[in-house]
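A note on names: the letters A, B, ... follow the listed sequences, proteins ahead of strands, and every chain is numbered from 1.
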Amino acid sequence: MAQTSHPFIPNSSDQLRNSMLRVIGIGSLDELYSDIPLEVRLNRPLKVDGFASEQEVRSSIEQLFKENKSGSDYNSFLGAGIYNHYIPAAVKAIVSRTEFQTSYTPYQAEISQGLLQSLFEFESMIRDLTAVDAVNSSLYDGSTALGEAARMAVRATGKYKVIVPRNLHPDKLSVLRNYTEPVGIRLEAFGYDEETGGPDLNDLQSRLDRETAAVYCEVPSFFGTLDADVVRIPSLCHEKGALSIIGFDPISLGGLKPPGEYGADIVVAEGQSISSEMNFGGPGLGIIGCRGENLLRQIPGRLIGMTTTINGTDKAFSMVLQTREQHIRRERATSNICTNEALLGIGAAAYLSLLGPKGLHDLFESILVKTRYAIKRLQELPKASVPRFETQHYQEFVVAFKRAPGITSKINRRLLLAGMHGGKSLVGDFPELGESSLLCVTEINTGEAIDRFSGLMTKLLRGSR
Amino acid sequence: MYHQATWDEPLIIEKSQAGKRGHIPTGPSDIERKIAGDLGSAVPMALRRNGLPPLPEVSEPEVIRHFVRLSQENYSPDLGIYPLGSCTMKYNPKSAELAVSTHKLEKLHPEQDESTVQGMLAMLFRLDKILAEITGMSRMSLQPAAGAHGEYLGCLIIRSYHRSRGELEKRTEMIVPDSSHGTNPASAAMAGFKVMVVPSNSEGMVDLEELKKLAGPNTAGLMITNPNTLGIFEKNILEIAKVVHQAGGLLYYDGANFNPLLGKVRPGDMGFDIVHLNLHKTFATPHGGGGPGAGPVGVTKELERYLPIPLIGFDGKKYFYDYNVPDTVGKIRAFHGNIGILVRAYAYITSLGAEGLKTVAETAVLNTNYILSRILASGTYDLPFARARKHEFVLSAKKLYDSTGVRAMDLAKRMLDKGVHAPTTYFPQIVDEALMVEVPETESLADLDQLVEALLGVYREAQTNPELVKDAPHYASVRRIDDVKASHPKTLTLHWNNPTLLENRKVSNEEISSQESKSRLTSPPSR
Ligand SMILES: Cc1ncc(COP(=O)(O)O)c(C=O)c1O
């Protein structure tokens with residue numbers, strides 16, 4: 001109890017408390033807890049520091065974060081699932097509107113039209129970009145979106161095998177295992193071409209059978225390759241009664257063919273790059289969409305629809321097909337998801353509205369150019385193959401070092417000393433590639449920064465044995 | 001009098017005009033272009049988009065006005081009381097927003113070398129310790145993105161535990177109370193468990209005798225929240241834990257209702273083996289209109305070996321990623337968690353400390369009981385089950401419905417006219433015409449009184465002028481929405497690419513029906 005209240009807790013002063021206790025008709029706060037058995041009560045204060053002023057809290061966090069070297073401090077070539085893109089100030093202004101930011105899931109649609117219309121617009125834009133029929137209002141992140149997509153395919157087909165590319169982000173594979181193994185879904189991996197990095201269609205076809213629920217493939221691939229053969233996978237799937245799940249990169253759709261146009265049945269993506277900063281990898285924005293009525297019945301999470309008021313006078317928006325969801329269907333729901341990543345969906349709607357057709361296309365092209373530029377600049381690296389795969393790339397590419405084991409981490413350590421983050425090492429997860437790392441270039445990386453990087457890389461590789 | 005903004009705002013695609021744009025991305029320099037060479041073959045033919053992507057063409061001021069207008073058509077806790085039961089809709093302190101708006105967080109990449117993220121790792125390490133202390137658990141995973149995601153992780157850990165004992169084959173059943181939140185049975189089913197429902201007794205608590213009948217050699221665990229969704233503390237919790245443990249199962253704590261117990265009771269001391277917290281409820285992080293949230297999971301010492309990787313370790317000098325988790329379940333999401341939410345929660349906890357956290361709990365319970373006392377004194381709504389409530393209570397408007405035909409949903413809609421958010425309706429399913437009220441500690445006495453007036457006001461109006469209530473809301477951005485039409489196979493509209501709808505701002509039933517043949521998405525979900 002206190003003379004004065006805590007800033008967040010208006011009724012925590014003695015005086016107010018006592019007057020409220022009188023209304024309740026009890027003498028002390030303890031009486032409100034009297035039904036709790038003594039054995040389970042905590043009879044000591046928590047060992048938690050605090051009760052600090054706002055200024056103190058702020059400076060203590062700033063002090064801690066001083067020890068972080070951010071992408072603004074360093075020249076960074078890290079990607080592999082989370083990307084450093086420029087997020088327009090207008091996007092930040094919109095997602096900072098506390099009417100959006102602090103509200104709950106729009107259960108009371110009539111007073112939540114802003115949220116609902118924004119999310120409807122998000123769903124519509126992603127749908128148009130991917131050329132599928134429907135997109136939901138978000139899942140946790142790209143990896144859980146893949147997990148949900150695999151389960152969706154299994155429910156829709158009644159089959160229990162899902163085939164994924166060998167070159168999949170290891171985190172994604174681990175998440176996918178956790179979303180599939182408990183219900184008896186078997187995962188198989190199909191290989192990539194050693195030279196081009198593209199899907200090994202022979203290997204895929206040898207695995208793709210009538211027991212297969214779905215095949216997953218990504219454009220660009222985890223290695224950043226643009227593989228023309230991917231467009232043949234959906235029809236190979238359909239011949240066997242399987243579904244095709246395509247993972248896409250939202251910005252790349254500024255110039256790449258929408259997966260729906262080459263037959264994808266389910267599309268998934270990580271949408272961080274079109275909605276928010278990297279934030280150390282979270283929150284993400286899980287995107288999922290699908291084609292056809294059969295899959296729509298199986299889609300997880302919230303779907304926003306456009307309708308009218310009962311009196312028919314106004315256009316209105318609300319959550320639809322809720323009987324798929326856990327709050328109604330409980331153990332027979334299509335997923336357990338409740339809280340999602342809606343605010344990032346609004347961010348994405350704002351981002352895509354701002355960039356528009358020309359902006360998204362230009363950004364795609366800018367990244368394409370910079371990727372080619374970086375590859376050209378690094379091509380002359382001694383004793384390295386850049387890019388490791390002979391094909392077209394977007395945003396990312398693999399560099400393989402023809403050196404003794406340990407060189408990848410050695411180089412990354414040296415780069416760090418010079419204020420640069422090298423690529424993600426692929427050594428542990430893709431031993432078949434030997435010493436290698438995955439480099440990423442976005443519109444953030446200037447030509448000059450790329451030059452400095454390639455200059456140092458050349459020096460390091462020359463100097464090392 | 002309250003009246004929500006109505007802008008009649010068109011869809012952003014309707015504002016589109018050829019040639020406009022709202023942002024210019026940075027292009028490559030001439031040198032970069034030159035060295036990159038001709039782009040003619042930069043993308044394989046088969047993967048090239050035909051033309052430009054179909055997006056709206058709007059300028060920056062138009063985009064801002066569009067979304068700011070829409071934001072004004074959205075009620076939020078920054079505008080007023082939000083007594084949505086089970087959701088703990090607190091005010092979200094603004095200091096936490098400042099904590100996350102720094103490039104030292106925004107521009108951190110999750111694959112950076114440990115040495116460059118020592119501040120970040122230090123905070124996550126501390127948060128693990130703090131949340132473990134608050135819950136009475138041994139160690140936390142900060143990975144889960146939400147409560148339900150934590151539940152799913154919990155179910156995976158329960159599977160791993162039974163597998164390690166060679167019992168997974170037979171331990172196929174997960175028990176949940178009939179008052180449980182939908183995510184509990186949904187999470188258990190997703191993890192391959194058969195859901196067994198234990199009924200509540202006449203006091204609104206788990207029926208111990210029924211639980212004893214259900215618990216046995218096939219029991220994998222019990223998922224339960226305490227206080228339960230009626231706001232009643234399960235006083236037999238130690239007995240419940242004993243029954244489940246003796247049967248060989250594990251006890252899972254759904255932390256969505258933890259707010260009233262902060263600093264007073266810890267799940268670990270109640271016998272729980274696994275716990276999730278909803279940071280977007282108890283720890284005051286904003287809910288984002290549906291997300292992101294965060295659902296850290298804590299476990300006992302014995303279960304630490306199953307936690308997702310990596311954990312954060314500290315060797316006395318440096319913080320590091322700890323992959324030394326012998327039987328880890330692996331990962332349940334990419335990277336390390338919803339960091340932005342975790343940082344806000346850390347800021348929140350620091351501003352309260354042990355004393356403040358306890359004050360949070362006590363004041364939430366005080367506020368809730370203040371409202372409940374005033375409602376009960378009015379002789380209007382019924383309160384099924386026992387009187388003692390913690391952070392929330394569930395009223396029944398069944399009597400009113402029987403006499404006036406006004407439903408709980410109508411009352412909720414009419415409350416919107418009074419400048420407050422409505423309570424949760426029709427949950428938990430064991431109460432007829434349920435209105436579930438939760439008022440967190442951040443509400444002032446004036447807010448509480450306004451809520452009481454709204455609850456009693458709509459009750460009186462239902463008796464005197466039922467049509468007014470059935471027709472509500474009258475002062476929201478739009479009148480009552482046609483949810484049947486919204487989900488009906490003939491009128492379901494999941495995207496804006498629907499010419500008739502765009503041409504006619506006011507849409508009639510006939511017009512929507514005429515879309516039937518054009519729309520591909522016409523079937524309702526199977527039952
Ligand atoms: C009692 C209860 N359990 C679980 C959940 C699920 O949490 P989340 O929405 O964070 O997934 C909720 C919130 O909706 C809840 O109220």
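- Going from atom CD1 of A/Ile337 over to atom OG of B/Ser187 covers 10.5 Å, rounded to the nearest 0.5 Å.
- Using a 4.5 Å cut-off between heavy atoms, B/Ala188 does not touch chain A at all.
- The closest side-chain heavy-atom distance from B/Thr102 to A/Ile61 is not below 4.5 Å.
- You'll find the ring centres of A/Tyr140 and B/His149 inside the 6.0 Å limit.
- With contacts defined as side-chain heavy-atom distances shorter than 4.5 Å, the pair B/Leu494/A/Leu296 qualifies.
- The heavy-atom pair separating A/Glu110 from B/Lys413 by the smallest distance is OE1-NZ, 2.6 Å.
- The most heavy-atom pairs under 4.5 Å with chain B, out of A/Val230, A/Asp362, A/Leu129, come from A/Leu129.
- Using a 4.5 Å cut-off between heavy atoms, B/Ile341 does not touch chain A at all.
- Heavy-atom pairs under 4.5 Å with chain B peak, among A/Arg302, A/Gln113, A/His361, at A/Gln113.
- Ring geometry for A/His169 versus B/Phe335: interplanar angle over 60°, hence perpendicular rather than tilted (30 to 60°).
- Under the 3.5 Å distance criterion, with hydrogens and angles disregarded, a donor-acceptor pair is assigned to the side chains of B/Asn367 and A/Asn11.
- Taking OG1 of B/Thr359 as the reference point, atom CZ of A/Phe51 lies at 6.0 Å (rounded to 0.5 Å).
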- request: Evaluate the side chain to side chain contact (heavy atoms under 4.5 Å, CB included) criterion for residues A/Met306 and B/Leu11: first the C-alpha distance (whole Å), next the side-chain angles of each, then the deciding distance (0.1 Å), finally the verdict.
  value: CA-CA 11 Å; A/Met306 179 159 67; B/Leu11 292 164; 4.1 Å; yes

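- Within the 4.5 angstrom heavy-atom criterion, only side-chain atoms of B/Tyr82, from C-beta onward, approach chain A.
- A donor and an acceptor atom, one from each side chain of B/Asp483 and A/Ser318, are located under 3.5 Å apart.
- Ranking B/Glu106, B/Glu73, B/Glu441 against chain A, the residue ahead of the rest is B/Glu106, based on heavy-atom pairs under 4.5 Å.
- Looking at B/Leu84, only its side chain comes within 4.5 Å of chain A, counting heavy atoms on both sides.
- Atoms CG and CZ, on A/Leu354 and B/Arg21 in that order, are 12.0 Å from each other to the nearest 0.5 Å.
- A/Tyr86 places none of its side-chain heavy atoms less than 4.5 Å from the side chain of B/Thr26.
- Within the 4.5 angstrom heavy-atom criterion, only side-chain atoms of B/Ser373, from C-beta onward, approach chain A.
- For chain A, the nearby part of B/Met89 is the side chain; its heavy atoms alone come within less than 4.5 Å.
- No side-chain heavy atom of B/Ser95 sits less than 4.5 Å from a side-chain heavy atom of A/Arg58.
- Looking at B/Leu156, the atoms closer than 4.5 Å to chain A (heavy atoms on both sides) all sit in the side chain, from C-beta outward.
- Of the two parts of B/Asn92, only the side chain, counted from C-beta on, holds a non-hydrogen atom closer than 4.5 Å to a non-hydrogen atom of chain A.
- Only the side chain of B/Gln4 has a heavy atom closer than 4.5 Å to any heavy atom of chain A.
- Salt bridge absent: B/Lys235 and A/Asp35 never bring a charged side-chain N and a carboxylate O closer than 4.0 Å.
- A pairwise comparison of heavy atoms in B/Pro54 and A/Asp128 identifies CG-O, 3.5 Å as the closest pair.
- The two residues A/Val369 and B/Glu32 have their closest heavy-atom pair at CG1-O, 3.8 Å.
- Of all heavy-atom pairs between B/Leu55 and A/Leu360, the closest is CD1-CD2, 3.9 Å.
- Note: A/Thr102 leads A/Thr105, A/Thr102, A/Leu226, A/Ile328 in heavy-atom pairs under 4.5 Å with chain B.
- When side chains are defined from C-beta on, A/Tyr104 does not count as touching B/Pro77, because their heavy atoms never get closer than 4.5 Å.
- Counting only heavy atoms from C-beta outward, the side chains of A/Leu46 and B/Arg266 approach each other to under 4.5 Å.
- Interface remark: of the candidates B/Ser444, B/Gly293, B/Ala476, B/Ala146, B/Ser444 forms the most heavy-atom pairs closer than 4.5 Å to chain A.
- Rounded to the nearest 0.5 angstrom, B/Leu70 CG and A/Ser112 OG are separated by 12.0 Å.
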- request: For the pair A/Asp314 and B/Arg479, evaluate side chain to side chain contact (heavy atoms under 4.5 Å, CB included) and give the outcome as yes or no after the intermediate values.
  value: CA-CA 8 Å; A/Asp314 285 289; B/Arg479 299 291 299 277; 5.6 Å; no

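- We find the CD1-NZ distance between B/Ile130 and A/Lys47 to be 13.5 Å, quoted to the nearest 0.5 Å.
- To the nearest 0.5 Å, atoms CG (A/Asn311) and CD1 (B/Ile481) are separated by 11.0 Å.
- Between A/Pro182 and B/Met190, the shortest heavy-atom distance links the atoms CB-O, 4.2 Å.
- The candidate from A/Val57, A/Leu355, A/Ile310, A/Asn84 with the greatest count of non-hydrogen atom pairs under 4.5 Å with chain B is A/Ile310.
- Looking at A/Thr339 and B/His287, their side chains come closer than 4.5 Å, going by heavy atoms from C-beta outward.
- Put simply, of A/Asp227, A/Thr144, A/Asp141, the one with the most heavy-atom pairs under 4.5 Å next to chain B is A/Asp141.
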- request: Evaluate the side chain to side chain contact (heavy atoms under 4.5 Å, CB included) criterion for residues A/Thr307 and B/Thr493: first the C-alpha distance (whole Å), next the side-chain angles of each, then the deciding distance (0.1 Å), finally the verdict.
  value: CA-CA 7 Å; A/Thr307 182; B/Thr493 304; over 6 Å; no

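- The contact between B/Pro25 and chain A is made entirely by side chain atoms (from C-beta outward), counting heavy-atom distances below 4.5 Å.
- Taking A/Arg177, A/Arg377, A/Glu365, A/Met125 one by one and counting their heavy-atom pairs under 4.5 Å with chain B, the maximum is reached by A/Met125.
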task: Kindly determine whether A/Glu277 and B/Lys107 satisfy side chain to side chain contact (heavy atoms under 4.5 Å, CB included), including the steps that lead there.
output: CA-CA 7 Å; A/Glu277 299 281 1; B/Lys107 302 282 184 196; 3.0 Å; yes

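- Side chain of A/Glu121 to main chain of B/Ile12: a donor-acceptor pair is present (N/O by atom type, distance under 3.5 Å, no hydrogens or angles).
- Side chains of A/Ser103 and B/Asn74: a donor-acceptor N/O pair is present below 3.5 angstrom, by distance only.
- Residue contact with chain A, scored on non-hydrogen atoms closer than 4.5 Å, involves the side chain of B/Arg159 exclusively.
- Side-chain contact between A/Phe65 and B/Met120 is present, with heavy atoms from C-beta onward closer than 4.5 Å.
- Between chain A and the options B/Ile237, B/Val63, B/Val58, the largest number of non-hydrogen pairs under 4.5 Å is found for B/Val63.
- Shortest non-hydrogen contact noted between A/Ser366 and B/Pro28 is OG-CD, 3.6 Å.
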